[in-house]
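Heads up: the structure comes next, in structure tokens.
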Amino acid sequence: MSGPILAGVLLALPGFAAADELRRYAVVGDAIPEPLTARGDATRGRALVVERTSTCILCHNGPFPEQKFQGDLAPNLAGSGSRWSEGQLRLRLVDASSLNDATIMPSYYRVDHLMRVGPAWRGKPILSAEQIEDIVAYLVTLRE
Amino acid sequence: MRLAGIILVSALLTADAIGAEIPPAERRSGTSFMTPDTKAMQDDDTANPGMLWVLDGEKLWARKIGAADKACTDCHNDARTSMKGIAAHYPAFDKTLGRPVDLQGRINLCRVNQQRATPLAYESRELLALTAFVAQQSRGVAIETGSDPQLAPFIANGRELFMQRQGQLNLGCTNCHDDNWDKRLAGSAITQAHPTGYPLYRLEWQSLGSLQRRLRACMSGIRAQAYDFGAPELVELELYLMSRAKGVPLEAPAIRP
């Protein structure tokens with residue numbers, strides 16, 4: 001019964017990688033120096049950051065004057081690119097819990113060690129490798 | 001002995017690590033986070049849409065139904081006296097079932113066992129109406145749920161569910177409602193999650209809804225698989241939340257954004 005439903009969901013959400021499609025990456029210190037895929041696009045990255053389904057601005061606020069509803073559970077994203085290198089930002093997005101296991105920031109490119117994930121999201125990372133690269137490309141431009 | 005000591009210490013350490021519970025003096029209803037306009041709507045029975053369900057519930061209270069052809073009022077008389085303070089003790093332990101039942105579950109037990117009628121569906125207008133009518137009789141009464149020692153293991157289960165991280169976003173209820181209740185998630189005040197006003201009218205729903213509906217919404221919000229309506233886990237969560245809100249006055253039917 002779950003077969004066709006799952007297939008339907010996958011079709012409805014193009015761009016979301018399945019579990020077995022997660023790209024391998026190498027962590028060096030507190031960073032992932034190499035891109036997961038081709039270099040991202042900062043304009044698309046900004047659009048993704050403010051997009052509700054990406055979830056970032058549920059918690060964060062930032063230089064998004066057009067966005068009425070922003071969270072205050074997390075630091076302002078302005079200046080991220082001055083505080084962190086590209087590789088550090090990449091690891092923070094891929095798996096923030098590897099930097100701080102008590103963090104509330106989700107791991108956007110990880111599918112293991114999760115409980116009771118809803119059927120529509122099971123086995124899929126929150127963001128695709130391409131989306132992570134777009135967001136990284138945008139965050140590095142946020143300089144103070 | 002020493003082993004017990006070690007277990008106790010490690011239990012204390014974990015309890016400490018997973019966020020502090022809110023001390024009684026700092027417990028605040030979700031109402032205190034609302035705008036003055038929404039608060040005024042809740043306080044004025046002529047403006048509070050939840051009162052429409054209460055009025056329906058009052059009619060249902062007097063309607064004879066089922067093979068027993070009995071109305072609630074035939075056994076419980078005037079709800080203003082017989083149901084006063086009842087909601088402040090729910091979920092309560094049911095001896096026959098050997099587990100806690102919430103107020104809607106309790107009402108359905110009377111439908112089935114006393115009126116000999118079919119149980120009402122979760123979130124049906126009739127069940128919400130009867131529950132709102134019964135709950136309204138406890139307005140202003142401080143929450144007392146959880147004093148029955150038979151409830152202890154079920155409260156413990158509910159607490160564990162509240163603490164545990166889950167869903168694709170990998171968050172626990174505690175991360176928001178214990179650790180960040182004074183913050184905002186995008187536009188919404190997070191609040192302490194005290195279930196003071198259920199069933200309540202949510203502007204986003206454009207309807208009255210139960211506490212179980214609210215809990216399922218928070219679970220879907222973190223992209224977790226929500227428990228089915230009536231699942232023991234939801235009742236355990238309700239039970240933990242009510243015992244965690246001890247002392248806060250009830251205010252059903254409340255309004256929430």
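Sequence lines set the chain letters: A, B, ... in the order given, protein chains first and strands last, and positions in each chain run from 1.
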field: Contacting region of B/Ile222 [heavy-atom separation from chain A under 4.5 Å]
entry: neither
- line: Sorted by chain and residue number, the salt bridge (Lys or Arg N to Asp or Glu O under 4.0 Å) partners of A/Glu86 (sequence neighbours excluded) come out as A/Arg39, A/Arg90
message: With a 4.5 angstrom heavy-atom cut-off, is it the side chain or the backbone of A/Ala74 that approaches chain B, or both, or neither?
response: neither
message: Taking the side chain as everything from C-beta on, heavy atoms only, tell me whether B/Met219 gets closer than 4.5 Å to A/Arg116.
response: yes
- prompt: When only pairs under 4.5 Å are counted, which of B/Gly187, B/Cys176, B/Ser188 shares the most heavy-atom pairs with chain A?
  reply: B/Gly187
message: Heavy-atom count check: over 12 atoms from other residues, nucleotides or ligands less than 6.0 Å from A/Asp112 CG?
response: yes
- prompt: Any side-chain heavy atom of A/Ile126 sitting closer than 4.5 Å to one from B/Arg223?
  reply: yes
- request: Go through the atoms of B/Leu169 and report whether side chain, backbone, both or neither lie under 4.5 Å from a heavy atom of chain A.
  value: both
message: Within this structure, what is the NE2-CG distance for the pair A/His113 and B/Asn170, rounded to the nearest 0.5 Å?
response: 10.5 Å
task: For B/Leu185 and A/Asp72, run side chain to side chain contact (heavy atoms under 4.5 Å, CB included): C-alpha distance rounded to whole Å, both residues' side-chain angles, the deciding distance at 0.1 Å, then the answer.
output: CA-CA 7 Å; B/Leu185 187 71; A/Asp72 63 358; over 6 Å; no
query: With sequence neighbours left out, what residues match A/Glu34 under salt bridge (Lys or Arg N to Asp or Glu O under 4.0 Å)?
result: none
B/Gln168 side chain vs A/Lys124 backbone, donor-acceptor pair below 3.5 Å: yes
Heavy-atom contact with chain B under 4.5 Å, split by part of A/Ser97: neither
- prompt: Does A/Met115 reach the side chain of B/Arg165, with side-chain heavy atoms less than 4.5 Å apart?
  reply: no
Which portion of B/Ser220 sits near chain A, non-hydrogen atoms under 4.5 angstrom: backbone
task: Take A/Leu73 and B/Arg184 through the side chain to side chain contact (heavy atoms under 4.5 Å, CB included) test and state the conclusion after the steps.
output: CA-CA 7 Å; A/Leu73 292 170; B/Arg184 297 184 84 83; over 6 Å; no
- prompt: Does atom CZ of A/Arg52 have more than 12 heavy-atom neighbours from other groups under 6.0 Å away?
  reply: no
field: B/Glu160 atom CD: more than 12 heavy-atom contacts under 6.0 Å
entry: no
query: Which one, A/Met105, A/Gln70, A/His60, leads in non-hydrogen pairs under 4.5 Å with chain B?
result: A/Gln70
message: Is A/Leu58 close to chain B through its backbone or its side chain, or both, or neither, when contacts mean heavy atoms under 4.5 Å?
response: both
